[in-house]
Every structure is written in C-alpha cells, then in structure tokens.
Amino acid sequence: MNKNVTLIEHPLVQHKLTHLRMRDTDSKEFRELVKELSGIMVYEIFRNIKIKTVPIETPIGPAVGKVIDGDIAVIPILRAGIVMGEGILQMIPTARVGHIGIYRDPVSLQPVEYYCKLPSNIEDADVFIVDPMLATGGSAVKAIDLVKEAHPKSIEFVCLISAPPGIEKIAAHHPDVNIYTLAVDPELNSHGYIVPGLGDAGDRLFGTK
Ligand code: PRP
Ligand code: URA
C-alpha cells in the first residue's frame, strides 16, 4: 500500500460499501449510503484534528470542555462530491465549503474544469477535497492544483473507492497529499471505470441514466 493512503476498513463501512456497489441499489438508497459512509469516514479523517479546551457550565456546575480548534474547509468536486460533502458537514457543521466543478471527458478521460469557488483566506485551513471516485486521478490532481493556488495549510483527498492509477498519479504530482479511501479496487476498464467499482457515481447519485 502506498504510504500516502489510509484505508478505512471498519466492518460497518464494508457492509454499507457492499450495498453501495450493488447494481440494484436505487438513487435514494445510494445517496443515503454515500452520506452515511462519508459521516463515518469523518471519525478517521479528523482523528488528529487540533482541539482546544473551553470553560463551560453544565446543569450541575462548571467544567472544562474540548472543541475543534482551527479552520477546516471541505471542497467537493462536482457533481458526485456534493453528497459526500453533505455527509461530512453533518458531522462538522462549522467547516467552510468550496466547490470545484470538473468533469472527465468521456473519450480522452482528461479532466475539464468548469467552476471553482473556494472559501476566502484559506492559508490557515486544513482542506479536505472530496469525491467518491479516484480512477485515473486526472480530476483529483486538477482539483488539488487549483486548491494549492490558495496556499492552504494542508490538503487531504477523501474518496470512497480508488484504483492504483489514481493513487499513483496523486502520489507523483502531490506527494504531500494524503488519500483516505474505503477500498482500493484492482484496475480500470477500457472506459476508465473502476473495476468492480460501483459504476458512474454521478449518474447513480442523481438518477441521470
Ligand atoms: C467522476 C468522479 C470523479 C472522476 C474520477 O466524475 O466523480 O470526479 O469521475 O475520474 P478520474 O479519476 O479518472 O478523473 P465525472 O467526470 O463522471 O463527473 P460528474 O461527477 O459530473 O458526473
Ligand atoms: N467515475 C465514476 O463515476 N466511476 C468510475 O468508476 C470512474 C470514474
């Protein structure tokens, strides 16, 4: 396993991921599963996030609590990253949000950027770029290129299913970026789809095919 990859293999994750992969899972359940899986990933992703102590009052008296300390930005890659972003924001509602629009040209498989709106002043932010699928890695590398122009403190890439070409591409272009994934599938087919994967994440999320 590449050293920049963290594989999250909790049994609950494996169970939900299996249902996500199934051809007969409809869009409603697919969206719910993506949100749930993204929420579960938050536990691992934010394991080392900075916290600070704060004085609080419980109904019984004074206490010292701990809260997240720092600037967190979640940046979904449109379209498929939107629902993952929602799942993460349910757990970390104080995170700031950006959006990057990229689609993969179906013939050349090259990423095509069509939108980019990042939160302002992210120099002190830990940025989490989210997209369910890491296949050739073209979209991820392009998104990381764009985010790096804003010079954030750190960048992590969070996906549900990845494949070796995408992992290697990120490692080659952005060795400082860690990848969180629930599965590393063996290969891509001739159309650049992950095998066995789950098919087209955007189409399954939004029922567009
Ligand atoms: C999918 C997926 C990733 C990209 C991964 O998006 O959500 O963004 O493909 O492939 P890559 O690693 O080979 O670049 P898609 O291009 O289908 O766009 P969509 O989300 O708008 O459907
Ligand atoms: N994009 C998808 O939605 N699925 C894949 O398997 C590869 C790229």
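Counting starts at 1 for both ligands and their atoms, following the listed order. For reference, positions follow the sequence shown, starting with 1.
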Worksheet item: Counting only non-hydrogen atoms of the protein, does one fall under 4.0 Å from atom 19 (P) of ligand 1?
Response: yes

Got the closest protein heavy atom to [atom], with its distance?
atom	value
atom 5 (C) of ligand 2	Tyr193 CD2, 3.3 Å
atom 5 (C) of ligand 1	Met133 O, 3.5 Å
atom 17 (O) of ligand 1	Asp200 OD2, 4.1 Å
atom 22 (O) of ligand 1	Arg79 NH2, 2.9 Å
atom 6 (O) of ligand 2	Ile194 N, 2.8 Å
atom 3 (C) of ligand 1	Asp131 OD2, 3.0 Å
atom 11 (P) of ligand 1	Thr136 OG1, 3.4 Å
atom 16 (O) of ligand 1	Arg104 N, 2.8 Å

Worksheet item: Is it true that the NZ or CZ of Arg104 lies under 6.0 Å from the centre of Tyr193's six-membered ring and within 45 degrees of the ring axis?
Response: yes

For [X], is at least one N or O under 3.5 Å away from an N or O on ligand 1?
X	result
Ser139	yes
Tyr114	no
Leu109	no
Leu134	no

Worksheet item: For the side chain to side chain donor-acceptor pair (under 3.5 Å) test, which of Asp185, Thr181, Asn2 pairs with Ser162?
Response: Thr181

Under 4.0 Å to a heavy atom of [X] - the qualifying atoms of ligand 2, by number:
X	result
Arg104	7 (C), 8 (C)
Ala135	7 (C), 8 (C)
Gly192	7 (C)

Euclidean distance, [Y] [atom2] relative to [X] [atom1], rounded to 0.5 Å:
X	Y	atom1	atom2	value
Arg96	Ile72	CZ	CD1	11.0 Å
Leu78	Ser139	CG	OG	11.5 Å
Cys159	Leu182	SG	CG	7.5 Å
Leu12	His10	CG	NE2	6.0 Å
Ile40	Ile88	CD1	CD1	12.0 Å

Worksheet item: Going by an N to O cut-off under 4.0 Å, is there a salt bridge joining Asp131 and Arg79?
Response: no

Practice prompt. Determine, for Glu32 against Lys35, whether the closest basic-nitrogen to carboxylate-oxygen distance falls under 4.0 angstrom.
Written response: no

Practice prompt. Compute the minimum heavy-atom distance from Gly137 to ligand 1 and say whether it is under 4.0 Å.
Written response: yes

Worksheet item: Counting N and O atoms only, with roles assigned by atom type, does the side chain of Arg47 sit under 3.5 Å from a partner on the main chain of Val42, one being a donor and the other an acceptor?
Response: no

Worksheet item: Side chains of His174 and Lys169: is there a donor and an acceptor less than 3.5 Å apart?
Response: no

Item to complete: Could you tell me which atoms of ligand 1, counted from 1 in the order shown, lie closer than 4.0 angstrom to a heavy atom of Tyr103?
Response: 16 (O)

Worksheet item: Which atoms of ligand 1 have any heavy atom of Ala80 under 4.0 Å away?
Response: 7 (O), 20 (O)

Fill in: Least distance between heavy atoms, Arg21 atom then Gly197 atom
NH1-O, 3.1 Å

Discussion item. Counting only heavy atoms, tell me which of Gly138, Gly202, Gly199 gets closest to atom 2 (C) of ligand 2.
Written reply: Gly199

Response to the item:
Checking heavy atoms under 4.0 Å, the part of Ala201 that sits near ligand 1 is neither

Worksheet item: Which residue, Asp176, Asp71, Asp126, forms the salt bridge (charged side-chain N to carboxylate O under 4.0 Å, His left out) with Lys153?
Response: Asp126

Fill in: ligand 2 contact on Ala201 by region, counting heavy-atom pairs under 4.0 Å
both

